[in-house]
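This report concerns only the one structure given below.
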There are 2 protein chains.
Amino acid sequence: MLIKDLAPERLEKIAQLLRKRHVVRVQELCEIIGVSPATVRRDLTEMETRGLIRKVHGGAVSANPRMSEPLFDDKATLRAEEKQHIAKAALELIEPRDTIFLDGGSTVLALATQLASMNHLTIVTNSLRVASALSGSGPRVIVIGGELRTLSQTFVGPLTGLMIEKLHVDTVFMGTIGLDIAKGLTTTDPREAYTKQQVIQSARRVVLLVDSSKIGAVSFVGFGAVADVDTFITDNGASKRDLQAIRKENVAVVTA
Amino acid sequence: MLIKDLAPERLEKIAQLLRKRHVVRVQELCEIIGVSPATVRRDLTEMETRGLIRKVHGGAVSANPRMSEPLFDDKATLRAEEKQHIAKAALELIEPRDTIFLDGGSTVLALATQLASMNHLTIVTNSLRVASALSGSGPRVIVIGGELRTLSQTFVGPLTGLMIEKLHVDTVFMGTIGLDIAKGLTTTDPREAYTKQQVIQSARRVVLLVDSSKIGAVSFVGFGAVADVDTFITDNGASKRDLQAIRKENVAVVTA
DNA sequence: TTGGTTCTGATTGAATATGATTAAGTAGAG
DNA sequence: CTCTACTTAATCATATTCAATCAGAACCAA
């Protein structure tokens with residue numbers, strides 16, 4: 001059977017829900033809309049062929065992430081407010097015509113969304129999310145390609161390295177999983193670490209965006225020392241002792 | 001019968017209702033206005049030809065409300081069904097462990113969404129939308145970086161070229177804006193054209209996915225000849241003469 | 001009046017959407 | 001790995017809804 005016109009009311013309702021929640025379940029749609037599962041599934045299939053959603057077992061997720069607002073999983077919504085503050089502080093460090101690098105990580109993503117209207121900026125990134133967030137608008141966007149690492153949605157690997165070598169940006173804004181005075185900057189994935197290392201070397205200035213919960217944490221692979229950082233931005237949850245220790249490494253510290 | 005002057009009151013009443021809620025049903029209009037379903041339908045058909053509304057099964061929706069705009073105006077939803085058929089046919093050409101390239105274009109995107117569950121595939125792409133569509137799942141995804149071209153959401157430019165040079169895929173699935181026997185394959189953007197050209201050279205096999213409306217069209221910049229294509233997939237709206245001409249160029253033709 | 005025009009309502013066969021059923025498939029717990 | 005519970009795709013029957021056609025009512029002009 002060919003579906004030509006099915007109640008657009010329902011499609012709109014589903015789309016609306018997905019804009020808010022990024023994931024819906026068949027059963028829940030049945031209750032909300034008041035139709036049978038079969039109908040809901042037909043609607044979803046239809047929307048999938050239009051490229052609006054992606055069906056998954058049990059329901060559907062939105063297909064084009066840039067449409068949905070609070071899209072990113074749990075991570076981005078955690079400590080959202082702190083991240084927003086940190087991003088605002090980072091904004092102060094950017095000149096209108098800079099060339100900057102944004103790496104993966106939810107705090108950096110928060111910064112990216114605030115740059116959408118800065119038309120003369122050039123933004124280099126190895127993060128799919130950052131690229132999506134900026135895809136429609138303002139700044140010139142250059143994406144470092146490579147193999148897509150699913151978990152972080154960033155590009156890593158040899159091809160990534162090849163491309164980073166060619167580029168030299170004014171400032172890099174970077175996140176990290178762990179920051180420890182003795183053990184330095186650490187993250188979970190070796191390839192990711194290698195990429196971060198390369199980026200640090202190719203940038204004139206390194207700005208680290210870290211919410212205070214990461215301070216003192218140590219992850220798997222190191223990608224630099226605290227002294228490699230030029231400016232360090234965190235929220236006001238950080239202890240003064242930690243911040244003092246970081247300042248001693250000749251790092252400018254900003255608390256937002 | 002041509003309707004010249006049917007009660008303007010009714011049309012106005014319907015328009016008024018649609019301004020409030022974006023969906024009306026035939027039955028409900030009958031009760032409100034007090035006429036037969038046949039009349040209501042005639043009114044709706046008339047309003048549709050004037051571009052005021054859109055008829056759907058069971059009633060009508062307003063023609064250009066902000067709400068449903070992203071649903072119906074997205075390019076990807078145009079000829080969605082043909083594109084889906086073409087994508088299904090393309091699926092047949094893929095071996096489980098292939099390395100394939102997907103370029104930008106909505107038909108290719110339709111193919112991408114169908115590959116989400118093929119776990120042993122390696123997919124190379126220069127399209128942000130393809131990357132997003134595949135980001136969560138299944139295949140290994142390698143993205144060709146470069147400067148993001150806003151309109152098509154693809155990566156182009158010298159950095160893109162640099163990376164494509166390094167890679168050699170089994171099969172490339174490609175779309176085009178224009179396909180003409182004499183003028184060959186054409187697209188709107190010179191940088192895009194250059195990228196496509198490079199991709200063609202780096203692939204062992206070239207598969208072109210084209211809905212039939214593109215046949216005979218000529219766009220701005222050429223990026224190859226019809227003979228460069230190995231397999232050509234289109235929907236059943238293509239004329240036999242055109243297909244014959246394409247076959248004469250030593251191209252395998254598939255209609256889906 | 002007659003004839004023509006225009007709209008409306010009714011009828012009918014075809015098209016379409018929906019929900020139920022069933023067999024196959026998938027995820028998750030043990 | 002197997003089992004269980006849930007989800008899905010496919011098919012079918014049913015109830016709406018649609019388009020087309022025709023007949024009748026209202027209106028106007030000669």
Side-chain angles (χ1 to χ4, degrees), chain A residues 1-15 17-18 21 23-50 52-61 63 73 150, chain B residues 1-15 17-18 22-50 52-61 68 71-72 77 80-81 84-85 87-88 91 96 110 113-120 136-139:
Chain A
M1 170 182 45
L2 275 176
I3 302 173
K4 266 165 65 177
D5 269 322
L6 56 135
E9 218 178 350
R10 289 199 309 266
L11 297 199
E12 183 52 46
K13 217 167 209 166
I14 295 172
L17 254 170
L18 270 172
R21 303 188 18 208
V23 55
V24 290
R25 292 242 279 254
V26 170
Q27 234 180 351
E28 122 193 270
L29 288 175
C30 292
E31 292 172 12
I32 293 174
I33 308 180
V35 291
S36 75
T39 302
V40 168
R41 288 205 185 88
R42 270 188 283 254
D43 288 354
L44 294 179
T45 344
E46 170 69 14
M47 292 177 77
E48 187 176 43
T49 69
R50 296 191 194 180
L52 298 167
I53 63 166
R54 241 185 52 203
K55 290 209 301 183
V56 295
H57 195 90
V61 299
D73 343 326
T150 309
Chain B
M1 166 185 45
L2 255 171
I3 302 171
K4 269 161 55 177
D5 181 38
L6 66 168
E9 317 160 1
R10 286 203 310 265
L11 297 198
E12 184 48 44
K13 215 166 210 165
I14 294 173
L17 255 169
L18 269 172
H22 296 247
V23 183
V24 290
R25 298 189 181 289
V26 170
Q27 236 181 350
E28 120 194 273
L29 288 175
C30 292
E31 293 171 10
I32 294 175
I33 308 179
V35 291
S36 75
T39 302
V40 169
R41 285 199 189 94
R42 270 188 284 256
D43 288 355
L44 294 180
T45 340
E46 171 66 15
M47 292 177 78
E48 186 175 43
T49 65
R50 292 190 199 173
L52 298 171
I53 63 166
R54 246 197 55 189
K55 288 208 316 184
V56 297
H57 195 93
V61 297
S68 48
L71 261 183
F72 300 115
T77 71
E81 204 159 316
Q84 214 61 28
H85 286 153
K88 277 227 176 82
L91 220 50
T113 61
Q114 301 202 4
L115 299 175
S117 58
M118 297 186 65
N119 292 335
H120 299 108
S137 57

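Every chain is numbered from 1, with letters handed out A, B, ... down the list of sequences.
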Judged by each residue's nearest nucleotide on DNA chain C, which is more toward the 5′ side, A:Val35 or B:Pro37? B:Pro37
At under 4.0 Å, does any side-chain N or O of B:Thr39 touch on OP1 or OP2 of C:dT8? no
Can you check the A:Glu9 CD to C:dA17 P distance for me, whole Å? 15 Å
Could you pull out all residues at least two apart from A:Val61 that satisfy side-chain contact (heavy atoms from CB on, under 4.5 Å)? A:Val23, A:Arg54, A:Val56
For B:Leu44 and D:dC18, give me the distance from atom CG to atom P, rounded to whole Å. 8 Å
What is the minimum heavy-atom distance between B:Ala87 and B:Gln114, and which atoms define it? CB-NE2, 4.2 Å
Of A:Gly34 and B:Ser36, whose closest DNA chain C nucleotide lies nearer the 5' terminus? B:Ser36
B/S/- contact track for nucleotides 4-11 of chain D, protein heavy atom under 4.0 Å: ---SBS--
Taking the axis from the first five pairs and the axis from the last five, what angle separates them in the helix from C:dT1-D:dA30 to C:dG30-D:dC1, rounded to 10 degrees? 30°
Between the CG atom in B:Asp43 and the CZ atom in B:Arg10, the distance rounded to the nearest 0.5 Å is 4.0 Å
Of all residues at least two apart in sequence or in a different chain, which pass the side-chain contact (heavy atoms from CB on, under 4.5 Å) check with A:Thr45? A:Lys55
Taking all non-hydrogen atoms of both residues, which atom of A:Leu18 and which atom of A:Ala60 are closest, and how far apart? CD2-O, 4.0 Å
Could you list all the salt bridge (charged side-chain N to carboxylate O under 4.0 Å, His left out) pairs where at least one residue sits in residues 26-40 of chain B, not counting sequence neighbours? B:Arg21-B:Glu28
Quickly work out the B:Glu46 CD to D:dA19 P distance and round it to whole Å. 14 Å
From the list B:Leu17, B:Ile32, B:Ile53, side chain to side chain contact (heavy atoms under 4.5 Å, CB included) with B:Val24 holds only for B:Leu17
In chain order, what residues pass the salt bridge (Lys or Arg N to Asp or Glu O under 4.0 Å) check against A:Arg25, with sequence neighbours excluded? none
